[in-house]
Amino acid sequence: MKKQIVLVALGLFTITTFAQKNELKDAEKALKKQDFASAIASINSAEGLIANADAKTKSKFYFLKGQAYGGKKEYEKAAKAYNDLFEFEKSSGKERYSKDALPLLNVLKDEVNKKAFALNEAKNYKESAKAFYLRYTLDKKDTLFLNNAAQLALQANDYDAAFGYYSQLKDIGYTGIKEVYS
C-alpha cells in the first residue's frame, strides 16, 4: 500500500514538473516573438505550480515574469518579479538570472523616470506625481523620487496623495538635507 501511494505521489510530482517547464517554455517563445500577453498567460498558468519547483525553475519563472510584465509596461509587477528573483537567488545562494535581470530592471526605472519628467514638463502634475511615486517604489533607496511625488501632488492640489507621500517621507526619516562634495 505504501509503495502505491509513493508511486502515485511521484507520478503527480513528475507531471507537475513537466507542466511547469512547458509553461515556461511557452512563455520564453512568446517573449522571443514579443507577444507579451501570451507570455503573461503562460506565466500565470505556471504560477500555481511554482511553489514546489526546484531552484532553477523558480529563478527562471521570476526572470520570465519580469520580462513579460516589463514588455507589457506593467512596471510595478515587473519590478516585483525582478525583486522576488533577486531575493530568491540571494537566499538560495545561486545566481542564475540576477545578472541578466538587473539591467532590465534599470531599463524599467529609466522608462518610468522619463515618463515622470515628461508629464511634469507637460504640467500634468497629478500624473507626474504618480509616476515619480512609481519610480520610488521600483527602488526605495532613492527617496528623492518620493519627495518629487509629494511636491507634485501638492502642486496638483491632490492633498490626500501629498499627505500620504509626506507621511512616508517622515516615516523613513527624510530631511531633504544632503551632503555635497566639491
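Fair warning: this is a prediction, and the values are worked out from it, not measured in the lab.
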Measure across [X] and [Y] and return the closest heavy-atom pair with its distance rounded to 0.1 Å.
X	Y	answer
Leu138	Ala79	CD2-CB, 2.9 Å
Glu76	Leu134	CG-CD1, 2.9 Å
Gly70	Leu108	CA-CD2, 3.8 Å

Ion pair [X]/[Y], N-O distance below 4.0 Å:
X	Y	result
Lys58	Asp54	no
Glu95	Lys90	no
Lys77	Glu74	yes
Glu127	Lys115	no

Just how far is it from atom NZ of Lys65 to atom CG of Leu24, taken to the nearest 0.5 Å? 11.5 Å

Same hydrophobic cluster for Tyr82 and Ile43, using side-chain heavy-atom links shorter than 4.5 Å among ILVMFWY? yes

So if you build clusters from Ile, Leu, Val, Met, Phe, Trp, Tyr with side-chain heavy-atom gaps below 4.5 Å, do Val107 and Phe117 land together? no

Does Lys80 NZ have over 12 foreign heavy atoms under 6.0 Å away? no

Kindly check if the number of other-residue, nucleotide or ligand heavy atoms within 6.0 Å of CD (Glu47) is above 12? yes

With no hydrogens and no angle check, do the side chains of Asn157 and Tyr159 hold a donor and an acceptor under 3.5 Å apart? yes

Under the salt bridge (charged side-chain N to carboxylate O under 4.0 Å, His left out) test, which residues partner Asp158, sequence neighbours left out? none

Aromatic ring proximity, centroids under 6.0 angstrom, Tyr165 and Phe132: no

Partners meeting side-chain contact (heavy atoms from CB on, under 4.5 Å) with Lys73 (sequence neighbours left out): Tyr75, Glu111

Compare all side-chain heavy atoms of [X] with those of [Y] and state whether any distance is below 4.5 angstrom.
X	Y	result
Leu146	Tyr174	no
Asn147	Tyr136	no
Tyr97	Leu64	no

